[in-house]
Every structure is written in structure tokens, then in C-alpha cells.
Amino acid sequence: MRAAYDTAVRAVVLDADGLPELAELADPPGPGVLVRVAGCGLCGSDVEKIGRAPGAVLGHEVAGALEDGTRVTVMHRVPCGRCARCLAGHESTCDEFAIVRIGPGGFADTLRATHVVPLPDAVRDLDGVWVEPLACVLRAADRVPRGRVLVVGCGAVGQLWVQVLRERGDEVVVAEPRRERLEQALALGALDEGGEVDAAVVTAHAGLDDAVQRLAPGGTLLVFAAPDAAVPVSVDAIYRKELSLRGSRSATPDSFRAAIALLPSLRLPPVTTLPLERFVEGVELYRRGDALKVVFTP
Ligand SMILES: [Zn+2]
Ligand SMILES: [Zn+2]
């Protein structure tokens, strides 16, 4: 808690070695409006930067409020919407998408953002942290053909996928080695079955080649997360079955809107909420798989 005479912002930033430290900044850097952070979800893409990307902005799954009390989430990257890549539907490869629109990041008590999105009352409390991950799923879902779809990995994102695919009428089968996560996915209507599938969504790379093997001829594999190591894939299967390989990274303003509309009807995965002081511990819980989703509150 800060005293009235102190305007410093507390934020988790990456030091010169890329390691997280809780720092005090004079003011949230960058342009934009002030957002009081209520909570921010830890994403695999944050964990990926730790130890590797000194100075990188951490935390983009934000639930917060403007100074007038309007509850918002933020868009930390925004495509231009006009260039050839945007028009082709590859907005996350737009040059403007590389610009980070928040500072110092979501793991802070206050940040600045140039693109805020108001949250309706139906998106309650800290649930705003799910808007961005769900927006990523909804954008990617347009690249997944309908039918019998395999979701590889039933972590928090996998559980969103199960619901989004079921909602649009797909038969969803899952691959998940952890018993607890598997049961959570089955409770959401997924099936624990083998056999051929029309499409596969890979949220965990350990199961990527199994997914390739299970795809029916002409099937589609969607890569939805960055691998943390080299992943062997049967190119022969891709060739002989004439498979399609797709990638989808991040979200767009349209998919943010769709996510806000859909969010209240979903069963959100269980969350572990920790204060910013316990950031390193929260990252470890996530890495070990002991927490499905970690949300940090100031
Ligand atoms: Zn994310
Ligand atoms: Zn563009």
C-alpha cells in the first residue's frame, strides 16, 4: 500500500539478466490512460521471456479500472487493420502489432494503456483477465475446420478451447496426461477417446506428433503455443495425408469483442491468486503444472 505522498508504481519488471524483480517506478511509462490493475493473468508467453528477454514487458491479461471507475481490460498489441497482412487475416504479423501498447506491464498496481476495452457487468471481478486468452482462442478457432476436433493439452487454455469448440457444435476429444486436468476437460463435455480426428489444436507440444498421426487425410493441425524445445513432427504424415498446418498467435480487436460477449457463459478454469510479492513462486507453480492459471494482484 502506498502512502499519499508517494506516487510510485510497483511493478514486476525484468532486470538486465531477464530475471523478474519487484521495482518501484516514478510513473507508469508510455502514452495512454492510467489503469488501476485489479489483477493480471500469467501467460505462457510471459514465462517464456523470463531469463531471456531483459526489459521485456510482462503481463497482458489485465482486469482493472480507469480513474473514473470504468472497469476495463487492455489490448497490449493492436494491428493497423489496413496493411496487406492485416487484410489477409494475419494481423499478428503486422508491423504495428510489434508495438507494445502498455507500460510497465500488467504485473503492476498501475499501468498506462493506449487501448482499453470496457467490461460489462456480466464480466465480474477478476474475470477480465480471461478476455485476452479467450480472444486468442476465438480468433484461432476460425482456422479450425468443424467436425471431430482433438485438443492437445487441457490446461487453462485447453479448457477454453474445449468449450469454444463444443459451443459451435464440434465433437471434442482431448489428450492430456494429467488426471486432474483431463477430468476437468471431461466435465466440460470433452471425450477421452482415441481414433481419427478432422482437426487438432496443439496447446502443449509434447503431444504434437501424436496429433499429426491421428489426423484424418486432409486434416488440419493448428499450432497455438510457442514450443519451448525442438518438436519432432512426421513430415511424411503431413505429405501422405495432405495435411494442412496452421498457426495462430494472439488476438485482434474483433476477437476481444467476441470474447467479452462469450465470457459470461463459460466455465472459467480455476485460478490461483497471489500478490505481486509472490511472483517468482507463482511462476514456479505454473511451470510445475501445480497451478492451472496464476493471477497476480497488486
Ligand atoms: Zn497471453
Ligand atoms: Zn497491419
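Just so you know, ligand 1 is whichever comes first in the structure, and atom 1 is the first atom listed for that ligand.
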Steps toward salt bridge (Lys or Arg N to Asp or Glu O under 4.0 Å) verdict (D95, R85): CA-CA 9 Å; D95 287 341; R85 289 187 214 156; 3.6 Å; yes
Salt bridge (Lys or Arg N to Asp or Glu O under 4.0 Å) assessment of E96 paired with R101: CA-CA 10 Å; E96 285 193 19; R101 313 281 186 159; 3.8 Å; yes
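In the hydrophobic clustering of this structure, V283 groups with F107; members are Ile, Leu, Val, Met, Phe, Trp, Tyr whose side-chain heavy atoms approach within less than 4.5 Å, directly or through other members. Note: the hydrophobic cluster containing L263 also contains L160 (ILVMFWY, side chain heavy atoms under 4.5 Å, direct or indirect links).
We find that R214 and D210 are not joined by a salt bridge, their nearest charged nitrogen and carboxylate oxygen being 4.0 Å or further apart. Note on R148 versus E193: salt bridge recorded, some NZ/NE/NH1/NH2 to OD/OE distance being below 4.0 Å.
Protein-derived N/O/S atoms nearer than 2.8 Å to the Zn ion (ligand 1) total 3, waters excluded.
Within a radius of less than 2.8 Å around the Zn ion (ligand 2), the protein N, O or S atoms are C80 SG, C83 SG, C86 SG, C94 SG.
One finds the SG atom of C94 at 9.5 Å from the CG atom of L87 (value rounded to the nearest 0.5 Å).
Atom CZ of R124 has 12 or fewer neighbouring heavy atoms from other residues, nucleotides or ligands inside a 6.0 Å radius.
In this structure, F296 and F279 have tilted ring planes: the angle between them lies in the 30° to 60° band.
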